[in-house]
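Some notes on the structure that comes next.
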Amino acid sequence: LLSYHWLNQLYDNSEVPAPYQKKRYRAEQTNAALEARLETRWQVQERLETRLGVSYQREMLQQQNLLYPAASLGRKTREIEAVFGSLDWRLLFLSRWFASARLHSALRLEKVFRQPWRGFPYAGLHLVPHFFPESSFSLSWTRGIRYPDFNSLFWKGDARAQGNPDLLLEENRSWSAGWRYLPGNSWLPQLSLFYYWENIENLIFWFRRFDGVWEPRNEERFRKTGLDVMLQQNLWPEHLRVNLAYSWVRAVNQKNDPVLYNKRLIFVPEHSLNTSLWLSWRTWQAEATARYVSKRETVLSNSRGTQLNPYLIWDASLRYTVRTNRVELEMGLVAKNVTGEDYQLIMGYPMPGREFGVHISLKLLNP
């Protein structure tokens, strides 16, 4: 694989009359990335599969301040070199108890900037028991890393956000366990449960300062636990189906500070729920969806009165399709936020109220 990406952007509010802008700016910014990867795969029948590879990535950012040239960032580059390998082993000695038993493992050795080489392992186990073949179990452990992107480090595009060149790498260690049930009977529900637990050091997140400017920061230690539940149930196979996805997340600050101890991460809801009802009859399709998000913190101290309120959003759509040998015509109606809920995803940015839309598409098909 060999790829090159290039993006040039101009940020300019120099023509906007005061006082509708906080600060005048006119800057030109170029982002580019070069990526190369070479990978080989070796398989021994169906028992064992290995992958080995090397990769190289070079990122570049160049920013010029056209109003104040002395304040330009200039050219910034970052190189990432890596060697990686993985092993997928079919555990035949467990075939007496399991219809399928596989062990997945991987190791990535990586070097960034002038830092020394570091290793990041992964191990996972996937099992399908004989006595319950419609279900599967999984267990995994991993140690990973997340690099701050160039915009997080050096962003100076406008008066609402600012990069932080002092950001540290984010590291995490995590465990996860999952269970999935996929019955062959279309009248029975499909169900999956996924639980995870991770410790994060130097968490990277965007924080809104008192002056209203967004800036990425590191937080020393966070512990994050969560549970994802997904359910799909046919009320009338191929005609009526209900879907449900629930997520519980608890991300708390573990820093030894009496003000911050055991505080939740900002803008992360503890509970979120998505559910939909889908109906299909001949050439008609209809869907109704609901999305619930619980309250979210907006400041690290979790002070009372600073939380964003929970919200519940209802959407609906109706679609009609006509198809012949040569033409496919589709017409649809969409209604978003039907109840006109007043809500915000992040502080200070209210979302739209009711929205209605109509769409018509015409496709010419090959005879």
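When a residue number appears, it is its place in the shown sequence, counting from 1.
- For the ring pair (Phe, Tyr, Trp, His ring centres under 6.0 Å) test, no residue two or more places apart in sequence or in another chain qualifies with Tyr147.
- Annotation for Arg221: atom CZ counts as buried by contact number, over 12 foreign heavy atoms lying within 6.0 Å.
- The minimum heavy-atom distance linking Leu139 with Ala177 is given by the pair CD1-CB, 4.0 Å.
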**OP:** May I have the step-by-step check of salt bridge (charged side-chain N to carboxylate O under 4.0 Å, His left out) for Arg26 and Asp12, ending in yes or no?
**Re:** CA-CA 4 Å; Arg26 180 178 170 82; Asp12 184 8; 2.5 Å; yes
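- In the hydrophobic cluster analysis, where Ile, Leu, Val, Met, Phe, Trp and Tyr join through side-chain heavy atoms closer than 4.5 angstrom, Ile200 is grouped apart from Trp175.
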**OP:** Could you check Glu171 against Arg143 for salt bridge (charged side-chain N to carboxylate O under 4.0 Å, His left out), going step by step and ending with a plain yes or no?
**Re:** CA-CA 8 Å; Glu171 299 186 49; Arg143 177 174 175 262; 3.5 Å; yes
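- Side-chain contact of Glu270 with Trp248: a donor-acceptor pair under 3.5 Å is present, judged by distance alone.
- When the shell of 6.0 Å around CZ of Arg96 is examined, it contains 12 or fewer heavy atoms from other residues, nucleotides or ligands.
- Without hydrogens or angle criteria, Asn302 side chain to Arg264 main chain gives a donor-acceptor distance under 3.5 Å.
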Subject >> Stepwise side chain to side chain contact (heavy atoms under 4.5 Å, CB included) test for Met347 and Thr306 >> reply: CA-CA 9 Å; Met347 182 175 59; Thr306 60; over 6 Å; no
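- Residues satisfying the ring pair (Phe, Tyr, Trp, His ring centres under 6.0 Å) test with Phe84, not counting sequence neighbours, are none.
- Between the side chain of Thr275 and the backbone N or O of Asn243, at least one donor-acceptor pair lies under 3.5 Å.
- The closest donor-acceptor contact from the side chain of Asn234 to the backbone of Ser186 lies under 3.5 Å.
- At least one donor-acceptor pair closer than 3.5 Å links the side chain of Arg296 to the backbone N or O of Asn309.
- Across all non-hydrogen atoms, the minimal contact from Leu167 to Pro148 is CD1-CB, 3.8 Å.
- Side-chain N or O atoms of Asn218 include one that pairs as donor or acceptor with a backbone N or O of Leu168 at under 3.5 Å.
- The number of heavy atoms from other shown groups lying within 6.0 Å of CG (Asn325) does not exceed 12.
- Separation of the Trp281 and His239 ring centroids falls under the 6.0 Å cut-off.
- Heavy atoms of other residues, nucleotides or ligands lying less than 6.0 angstrom from CH2 of Trp89 number 12 at most.
- For the pair Asn164 (side chain) and Leu153 (backbone), a donor-acceptor distance under 3.5 Å is absent.
- Atom CH2 of Trp42 is surrounded by 12 or fewer heavy atoms from other residues, nucleotides or ligands within 6.0 Å.
- Salt bridge status for Arg51 with Glu49: present, with a side-chain N to carboxylate O gap under 4.0 Å.
- By the ring pair (Phe, Tyr, Trp, His ring centres under 6.0 Å) test, Tyr343 pairs with Tyr311, sequence neighbours left out.
- No more than 12 heavy-atom neighbours from other residues, nucleotides or ligands sit within 6.0 angstrom of OH on Tyr68.
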**OP:** Please test Glu110 against Arg118 for salt bridge (charged side-chain N to carboxylate O under 4.0 Å, His left out), starting from the C-alpha separation and ending with a verdict.
**Re:** CA-CA 5 Å; Glu110 203 160 71; Arg118 306 176 68 181; over 6 Å; no
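- With no hydrogens or angles considered, a side-chain donor-acceptor pair links Arg223 and Asn199 at under 3.5 Å.
- Under the 4.5 Å side-chain heavy-atom criterion for grouping Ile, Leu, Val, Met, Phe, Trp and Tyr, Tyr122 is not connected to Trp117 through any hydrophobic cluster.
- A side-chain donor from one of Ser176 and Ser140 sits under 3.5 Å from a side-chain acceptor of the other.
- The minimum heavy-atom distance between Thr289 and Ser276, with the atom names listed, is CG2-CB, 3.5 Å.
- The side-chain heavy atoms of Lys224 and Val268, taken from C-beta on, include no pair separated by under 4.5 Å.
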**OP:** Verify side chain to side chain contact (heavy atoms under 4.5 Å, CB included) between Trp179 and Leu191, making sure each step is shown before the conclusion.
**Re:** CA-CA 8 Å; Trp179 173 69; Leu191 179 65; 3.5 Å; yes
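- Counting all heavy atoms, side chain and backbone alike, Lys255 lies closest to Asn253 at N-OD1, 2.9 Å.
- A salt bridge links Arg146 with Glu170: the closest approach of a Lys/Arg side-chain nitrogen to an acidic carboxylate oxygen falls below 4.0 angstrom.
- In plain terms, the two heavy atoms of Glu35 and Arg37 that are nearest each other are OE2-NH1, 3.8 Å.
- Hydrophobic clustering (ILVMFWY, side-chain heavy atoms < 4.5 Å, transitive): Trp6 and Leu34 are in one cluster.
- The nearest pair of heavy atoms linking Ala27 to Gln63 is CB-NE2, 3.6 Å.
- Side chains of Gln9 and Tyr11: a donor on one and an acceptor on the other come within 3.5 Å.
- The neighbour count for Arg326 CZ, taken as heavy atoms of other residues, nucleotides or ligands under 6.0 Å away, does not exceed 12.
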Subject >> Evaluation steps, side chain to side chain contact (heavy atoms under 4.5 Å, CB included), between Ile360 and Leu329 >> reply: CA-CA 7 Å; Ile360 301 176; Leu329 175 65; 4.0 Å; yes
